[in-house]
Amino acid sequence: SNTAQQASRKPPLNAPAKTTRAMSDLEKMVIDARLAARESAGMEASARERALIAVRESLCANRDKICAANAEDKAAAIKAGLDAPLLKRLDIEGAKFDAMLSKVDEVRAIADPVGATQLATELADGLQLYRVACPIGVIAIIFESRPEAAVQISALALKSANAVILKGGKEAVKTNAALVDAIQEGLRRGQDTPPVASVQLVSTRDQVSSLLSMHGRIDLVVPRGSNALVSHIMDNTKIPVMGHADGICAVYVDGSADVDVAVRVVVDSKCDYPVACNAAETLLLHTDALGTTWRAIASALLSKGVTLRCDATCLAALGPNVDVEASDKLLAASDVDFHTEFLELTIAVKAVASVEEAVKHINSHSSHHTDAIVTESAAAAEHFTSFVDSAGVYVNASTRFADGQRYGFGAEVGVSTNRIHSRGPMGVEGLMIYKYKLYGGGHIAEDFSKGRKKFTHKPMKLTPPPSLRPRSTFFSEVPLSLSVALAVGVAAAVGFACGARR
């Protein structure tokens, strides 16, 4: 009947969900995001490449409109008395706009991650297992200030075939809306590109609360912002959260450290950008470094206006060698200081007797973000990097290198201190999980349980999986010319044997 035929018809995979009385606009948005993610995951890499090109072109075409929206946000922020550092983060005009476009180019240049073979194993003759990379799915990303984050995140999501629902800070509401409008316009005009619903924007706190309740429909939440924001999200959702609530990073100066290297690394880690999550908040000094090395570090930090909250040992080691004018920057440390993310020109300083004690302190006090050792001892470096339980462990380098762009990821969604599949700066790979693909020829488990067939579990080359039936492992492991020669030889031998029987 016509009724039965209508009931059996299914909407196409990319058909947007229809809003009903029982379905909110936000629920429709999430359903559309899921459909977009599934469609994008099945597309060729060239489709995602075209999407990034179209998005960049649209951002360029809408530059004046975006900058006008940004000017309105900045004017409102000045009127509201927004702090100067936050106001600086809000700006995306001029060189910052160009840098934002460059991030899209950098993401485009990354090898396509979707479908990459991570493992290939012959389970038995004619039965082959592949583990391949695939996108997470639907990701909610909540960020504060920095509206250019919307572009970075969208580019990474499109490259990795995920769908994102963005929520930016209220101070950048008009800028974020203009940016996402331009991104969606690019997707709409692109030829055979991922659906427009691959990138969507919400704007209210109520919508965020609703998103956080959508366990099973949202696959991952990534917060970028203050400790208060991250902690609130972690405490109010059952959805997996990937990020970090604090950035309490430490630099340990070993007794063998080169003085000049120690000064450079410590000063840069603290002073390059003190409000960043990868800025150093704790300085640990081996007791053998409390002489010339510590005085040189202290002098350099004090000259930059850094307040040193020192334990009694470190204070005493400075003695009368400190400039009297800087004495107000020398304070006694409390236990709380070593659990504090200062986000300003202040650092807590403590003496330790060994690299083992430094590691113990870091593992019990840091946020497991990024920690560094300055040393000339290979043994100390090996111990530190092996036993410090952080996402980043550095040797003779500033903690400020903990950044997706500096790692060559093109951009980053955020920094994860979680002990899950992605840790540290999260680029495209951080937005990928995997699936297993198994190819056989009518294989059944009973043959193996009854002993009629045996598993081989032979590693294979990391080539893409076959489109249908498994390739012969033997022929896939030898050069094509040799495979052809062997095949011809076998055929000739068979022909000769058949001829001999006649």
Side-chain angles (χ1 to χ4, degrees), residues 10 12-14 34-52 108-138 156-163 191-195 198 219 421-422 427-495:
K10 293 182 179 179
L13 182 64
N14 61 346
R34 175 68 63 193
L35 295 172
R38 288 174 179 166
E39 183 172 349
S40 183
M43 289 181 160
E44 296 290 335
S46 56
R48 295 185 287 277
E49 172 82 4
R50 288 192 296 272
L52 290 171
R108 270 186 59 209
I110 297 169
D112 185 74
V114 181
T117 302
Q118 303 173 345
L119 175 146
T121 304
E122 179 197 82
L123 301 188
D125 184 33
L127 186 64
Q128 298 178 354
L129 178 71
Y130 295 82
R131 187 176 72 208
V132 299
C134 64
I136 291 171
V138 179
L156 289 168
L158 291 168
K159 183 76 176 185
S160 58
N162 286 286
Q191 296 293 320
D192 297 321
T193 57
S198 297
D219 299 309
H421 81 284
S422 184
V428 166
E429 288 187 1
L431 298 180
M432 306 300 294
I433 48 177
Y434 53 79
K435 65 171 66 172
Y436 287 95
K437 295 184 176 183
L438 184 64
Y439 295 83
H443 288 71
I444 59 173
E446 181 183 322
D447 286 341
F448 296 86
S449 61
K450 297 292 186 182
R452 293 191 291 268
K453 291 185 178 181
K454 294 186 179 297
F455 290 106
T456 56
H457 294 144
K458 289 168 53 178
M460 301 189 303
K461 289 183 177 179
L462 298 182
T463 56
S467 57
L468 182 59
R469 293 187 181 277
R471 296 178 292 270
S472 165
T473 304
F474 176 74
F475 283 105
S476 67
E477 297 291 333
V478 298
L480 178 60
S481 57
L482 181 56
S483 298
V484 172
L486 286 168
V488 170
V490 169
V494 171

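Note that these values count all heavy atoms, side chains included, but never hydrogens, waters or copies made by symmetry.
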Side-chain donor/acceptor of Lys453 to backbone N/O of Ala124, under 3.5 Å: no
Which residues share a side chain to side chain contact (heavy atoms under 4.5 Å, CB included) with Glu44, sequence neighbours left out: Ser46
With sequence neighbours excluded, residues passing side chain to side chain contact (heavy atoms under 4.5 Å, CB included) with Leu123: Thr121, Leu127, Leu129, Leu438, Phe455, His457
Where Tyr130 and Thr463 come nearest, the two heavy atoms and their spacing: CE2-O, 3.6 Å
Contacts of type salt bridge (Lys or Arg N to Asp or Glu O under 4.0 Å), residue Asp125, not counting sequence neighbours: none
Val132 and Pro465, any side-chain heavy atoms less than 4.5 Å apart: yes
Set of residues satisfying salt bridge (Lys or Arg N to Asp or Glu O under 4.0 Å) with respect to Arg50, sequence neighbours excluded: none
For Ala45, all residues meeting side chain to side chain contact (heavy atoms under 4.5 Å, CB included), sequence neighbours excluded: Arg48, Asp112
Residues that Gln191 engages under side-chain hydrogen bond (donor to acceptor under 3.5 Å, both in side chains), provided they are two or more places apart: none
Residue list, side-chain hydrogen bond (donor to acceptor under 3.5 Å, both in side chains) with Gln118, at least two apart or on another chain: Arg131
Sequence neighbours excluded - side chain to side chain donor-acceptor pair (under 3.5 Å) pairs with any residue from residues 428-438: none
Donor-acceptor contact below 3.5 Å, side chain Ser40 vs main chain Ala37: no
Check: Pro466 main-chain N/O paired with Tyr439 side-chain donor or acceptor under 3.5 Å: yes
Atom of Ile136, atom of Asn162 and distance for their closest heavy-atom approach: N-OD1, 2.9 Å
Pairwise side-chain contact, Pro135 with Leu431, heavy-atom cut-off 4.5 Å (strictly under): no
Contacts of type side chain to side chain contact (heavy atoms under 4.5 Å, CB included), residue Arg34, not counting sequence neighbours: Arg38, Val138, Asp219
